[in-house]
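Just below is one structure, and these are the notes that go with it.
Quick note: residue numbers are just sequence positions, from 1.
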Amino acid sequence: GWGPARGGPGVQRYGLTPKDGEDEAINLVRPSLISGMGNWGEDVDVRRFAREVTEAYLADRQSVDASIAGACINIAAIEGDWKLYNTYRKSFEAATVPAERARFLSGMGRFGNWSMQEAALDYALSGSLRPQELFTIPRGVGSMSWEDPGRMWDWFVKNYDTIMELMPAMFKTYMPFFARGCEEERL
């Protein structure tokens with residue numbers, strides 16, 4: 001799993017902040033280091049870094065390197081409160097740049113508290129999202145609720161008709177994946 005032994009050497013070698021002139025491959029792997037160490041590794045330093053970067057990004061979008069902004073927004077959400085959740089929602093709704101819109105929508109699905117996850121899931125069905133955005137939040141919540149996939153399954157079953165109405169036809173075959181429903185007892 002992600003922990004000091006697996007991700008720590010990468011963080012130590014490459015750092016959490018992009019540097020001028022470094023190889024593009026490092027920029028591509030850094031968000032995975034931040035995500036892995038901050039989420040599954042539960043690294044307190046990476047989580048603190050992500051919160052600081054997110055605060056800076058919320059204050060000034062140009063102050064943060066785009067390569068790490070999304071990963072930090074997701075990790076900051078894990079221990080975030082309702083104030084941060086509402087900030088993400090309002091920022092998503094006000095965003096005019098697609099990448100910025102995607103970052104905040106993804107972040108809305110990454111909160112560690114189930115009541116916030118449920119609010120985000122309900123928001124996904126509010127009708128205000130574009131068809132290609134419909135599963136951004138459920139994917140995020142699914143990654144946060146891997147210890148209790150039954151919650152996602154129950155939410156999908158409860159909202160099945162609405163989901164099928166909103167979902168583009170080409171994505172309907174992926175329902176078991178999104179609903180976390182591939183466990184043997186559910187087959």
Side-chain angles (χ1 to χ4, degrees), residues 2 16-18 27 30-149 151-152 154-156 158-159 162-163 166-167 171 178-180:
W2 277 96
L16 298 172
T17 306
N27 270 333
R30 185 174 282 114
S32 295
L33 287 171
I34 293 169
S35 297
M37 290 295 289
N39 187 8
W40 300 292
E42 299 179 1
D43 186 285
V44 294
D45 293 328
V46 172
R47 286 188 177 185
R48 183 182 319 108
F49 171 79
R51 285 192 300 271
E52 291 169 359
V53 168
T54 298
E55 287 173 17
Y57 186 78
L58 288 167
D60 176 8
R61 305 294 193 261
Q62 303 306 312
S63 68
V64 172
D65 191 289
S67 68
I68 63 168
C72 289
I73 287 169
N74 287 346
I75 296 305
I78 294 171
E79 297 173 347
D81 58 13
W82 279 106
K83 181 181 177 187
L84 186 62
Y85 173 85
N86 288 322
T87 298
Y88 282 12
R89 182 180 50 78
K90 289 174 186 170
S91 297
F92 165 75
E93 291 169 352
T96 55
V97 177
E100 185 180 317
R101 183 175 166 94
R103 288 180 190 120
F104 287 116
L105 186 63
S106 177
M108 286 174 64
R110 303 294 174 143
F111 284 81
N113 175 292
W114 173 247
S115 61
M116 284 188 260
Q117 291 175 4
E118 199 166 31
L121 288 167
D122 291 342
Y123 184 84
L125 301 183
S126 67
S128 62
L129 302 186
R130 298 169 183 151
Q132 67 271 24
E133 295 173 329
L134 181 62
F135 282 105
T136 301
I137 287 174
R139 263 195 318 269
V141 172
S143 73
M144 297 305 297
S145 61
W146 59 271
E147 291 179 331
D148 187 5
R151 285 180 173 169
M152 283 299 295
D154 292 344
W155 180 82
F156 267 91
K158 181 176 117 183
N159 295 288
T162 303
I163 293 167
L166 293 171
M167 187 188 320
F171 295 128
F178 290 123
R180 313 292 278 185

Distance-only check: which donor-acceptor pairs under 3.5 Å involve side-chain atoms of residues 68-78, not counting sequence neighbours?
from, atom 1, to, atom 2, distance (Å)
Asn74, OD1, Ser106, OG, 3.1
Asn74, OD1, Gly107, N, 3.2
Asn74, ND2, Ser106, OG, 3.3

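With sequence neighbours excluded, the residues satisfying ring pair (Phe, Tyr, Trp, His ring centres under 6.0 Å) with Trp82 are Tyr85. Under the side chain to side chain contact (heavy atoms under 4.5 Å, CB included) criterion, Ala66 pairs with Arg103, not counting sequence neighbours. Checked against side chain to side chain contact (heavy atoms under 4.5 Å, CB included), Thr96 has no partners two or more places apart in sequence or in another chain. With sequence neighbours excluded, no residue forms a salt bridge (charged side-chain N to carboxylate O under 4.0 Å, His left out) with Asp81. Applying the side chain to side chain contact (heavy atoms under 4.5 Å, CB included) criterion to Leu134, with sequence neighbours excluded, gives Leu125, Leu166, Met167. Tyr123 meets the side chain to side chain donor-acceptor pair (under 3.5 Å) test with Glu93; sequence neighbours excluded.
Separating the CG atom in Leu121 from the CZ atom in Arg151 is a distance of 11.0 Å, to the nearest 0.5 Å. One distance of note links CZ of Arg139 with CE of Met152; it measures 10.5 Å at 0.5 Å rounding. Note that CE of Met108 and CG of Asn86 are 8.5 Å apart. Values are rounded to the nearest 0.5 Å. Atom OG of Ser32 sits about 11.5 Å away from atom CZ of Arg30, to the nearest 0.5 Å.
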Next item on the list: Start with the C-alpha distance between Asp45 and Leu16, add both sets of side-chain angles, then the distance that settles side chain to side chain contact (heavy atoms under 4.5 Å, CB included), and finish with yes or no.
Entry: CA-CA 10 Å; Asp45 293 328; Leu16 298 172; over 6 Å; no
Next item on the list: Please lay out, stage by stage, how Tyr88 and Thr54 fare under the test side chain to side chain contact (heavy atoms under 4.5 Å, CB included).
Entry: CA-CA 10 Å; Tyr88 282 12; Thr54 298; 3.6 Å; yes
Item checked: Test side chain to side chain contact (heavy atoms under 4.5 Å, CB included) applied to Glu118 and Val141, step by step -> CA-CA 9 Å; Glu118 199 166 31; Val141 172; over 6 Å; no
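Residue pairs meeting the salt bridge (Lys or Arg N to Asp or Glu O under 4.0 Å) criterion with at least one member in residues 62-79, sequence neighbours excluded, are Arg47-Glu79, Arg51-Glu79. Applying the salt bridge (Lys or Arg N to Asp or Glu O under 4.0 Å) test to every pair with at least one member in residues 52-63, sequence neighbours left out, gives these pairs: Arg61-Glu100. Screening residues 45-78 for ring pair (Phe, Tyr, Trp, His ring centres under 6.0 Å), with sequence neighbours left out, gives Tyr57-Phe104.
Ser63 and Ala56 make their closest contact through OG-O, 3.1 Å (heavy atoms, listed as atom of the first residue, atom of the second, distance). The two residues Met144 and Gln117 make their nearest non-hydrogen contact at CB-NE2, 3.6 Å. In plain terms, the two heavy atoms of Trp155 and Asp122 that are nearest each other are NE1-OD1, 3.3 Å.
No more than 12 heavy-atom neighbours from other residues, nucleotides or ligands sit within 6.0 angstrom of CD on Gln62.
Under the 3.5 Å distance criterion, the side-chain polar atoms of Glu133 are left unmatched by any main-chain donor or acceptor of Ala102. Using a distance-only test at 3.5 Å, with no hydrogens or angles considered, no donor-acceptor pair links the side chain of Asn39 to the main chain of Ser35.
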